[in-house]
Amino acid sequence: VFLSGKLDELFKSVGKNGFEVVGAYTAGARSVYTNKPIEKPEDLKGYKVRVMQSDTMKKMVDLMGGVGTPMAQGEVYTAIQQGVLEGGENNEVTYADLKHYEVAKYFSYTNHLMVPDLIIINEKVYSGMTKENKEVFDKLVKESVDLEFKAWEENVNTAKKLAEENGAQFINLSIKPFQDNVKPLQESVRNSSEITKKIYDDIRSLAQ
């Protein structure tokens with residue numbers, strides 16, 4: 001079910017909390033969309049970009065060069081339309097579903113946040129399965145993960161096509177300047193506790 005032994009170990013470490021992580025679906029990557037192409041942090045200067053109600057998300061967009069602005073998702077279209085915001089940040093599917101391409105034509109691939117949707121099961125239920133049932137369960141979870149990744153990719157392609165047909169442009173760019181800018185936030189979160197530091201380092205090691 002897992003991508004590697006390290007990820008297996010990381011997922012299993014939560015078992016003492018009463019649940020097991022048995023896999024992870026993807027919800028894609030979040031990027032910035034505005035009324036102009038964003039290719040470097042300076043392009044976001046003074047730009048109010050909607051973020052979730054999260055202090056970390058606000059700090060991240062601020063460090064990326066913009067002005068992180070918490071707001072309910074349902075208010076974003078009108079806020080951009082009226083100039084209260086210059087843009088938002090999300091994945092291609094949400095961008096298209098909410099028709100934000102009508103008010104923010106440029107979707108710039110900052111890929112600043114990747115979102116896994118973890119699949120969990122009650123730890124007692126999982127550990128109480130017979131060996132045979134657990135093997136079948138793990139196999140089906142892995143198959144569902146493969147199917148979900150493929151379905152997500154198809155949804156992204158459909159969303160991009162719809163947005164482009166309505167005048168949107170998707171901008172590829174170098175994400176390194178944005179990554180460099182948010183390093184202080186990453187270090188702050190990483191060093192908040194020994195447990196967080198270990199989790200962060202384990203996850204980063206998987207990206208090497």
Carboxylate-amine/guanidinium proximity below 4.0 Å for [X] and [Y]:
| X | Y | value |
| --- | --- | --- |
| Asp55 | Lys59 | yes |
| Asp201 | Lys197 | no |
| Lys161 | Glu164 | no |

Tell me whether [Y] is reachable from [X] by hopping between hydrophobic residues (I, L, V, M, F, W, Y) whose side-chain heavy atoms are closer than 4.5 Å.
| X | Y | answer |
| --- | --- | --- |
| Met129 | Val136 | no |
| Met60 | Val67 | no |
| Val51 | Tyr106 | no |
| Leu98 | Val93 | no |
| Leu113 | Phe107 | no |

Any side-chain heavy-atom pair from [X] and [Y] closer than 4.5 angstrom?
| X | Y | answer |
| --- | --- | --- |
| Thr26 | Val115 | no |
| Asp117 | Glu148 | no |
| Lys176 | Gln179 | yes |
| Phe137 | Lys139 | no |
| Thr69 | Leu85 | yes |
| Val49 | Leu44 | yes |
| Val145 | Tyr25 | yes |
| Ser108 | Leu173 | yes |

Are [X] and [Y] linked by a side-chain donor-acceptor pair shorter than 3.5 Å?
| X | Y | result |
| --- | --- | --- |
| Tyr77 | Glu102 | yes |
| Asp138 | Tyr126 | yes |
| Asn91 | Thr94 | yes |
| Asn191 | Tyr200 | no |

Are the side chain of [X] and the backbone N or O of [Y] linked by a donor-acceptor pair below 3.5 Å?
| X | Y | answer |
| --- | --- | --- |
| Asn157 | Glu154 | no |
| Asn122 | Phe19 | no |
| Thr78 | Glu75 | no |
| Lys36 | Asp43 | yes |
| Ser127 | Glu123 | yes |

If you take all heavy atoms of [X] and [Y], which pair is closest and at what distance?
| X | Y | value |
| --- | --- | --- |
| Val32 | Thr110 | N-OG1, 3.2 Å |
| Ala24 | Leu118 | CB-CD2, 3.7 Å |
| Tyr109 | Glu92 | OH-OE2, 2.8 Å |
| Ala96 | Tyr101 | O-CE2, 3.5 Å |
| Tyr47 | Glu86 | CD2-CB, 3.4 Å |
| Gly28 | Trp152 | CA-NE1, 3.4 Å |

Residue pair Val189, Thr196: steps toward the side-chain contact (heavy atoms from CB on, under 4.5 Å) verdict: CA-CA 7 Å; Val189 173; Thr196 303; 4.2 Å; yes
Can you tell me how far [atom2] of [Y] sits from [atom1] of [X], rounded to the nearest 0.5 angstrom?
| X | Y | atom1 | atom2 | answer |
| --- | --- | --- | --- | --- |
| Ile175 | Glu39 | CD1 | CD | 14.5 Å |
| Lys142 | Ile119 | NZ | CD1 | 12.0 Å |
| Asn90 | Ser31 | CG | OG | 9.5 Å |
| Arg50 | Ile80 | CZ | CD1 | 10.0 Å |
| Glu89 | Tyr33 | CD | OH | 7.5 Å |
| Met52 | Met71 | CE | CE | 15.0 Å |

Residue pair Glu187, Arg190: steps toward the salt bridge (Lys or Arg N to Asp or Glu O under 4.0 Å) verdict: CA-CA 5 Å; Glu187 286 301 309; Arg190 174 180 179 270; 3.7 Å; yes
Test applied, side chain to side chain contact (heavy atoms under 4.5 Å, CB included); reference residue, Met64; option that passes from Val182, Leu185, Asn181: Val182
Residue pair Glu143, Asp146: steps toward the side-chain contact (heavy atoms from CB on, under 4.5 Å) verdict: CA-CA 5 Å; Glu143 289 177 359; Asp146 292 341; 5.5 Å; no
Within 45° cone and under 6.0 Å: Lys160 NZ/CZ vs Phe170 ring: yes
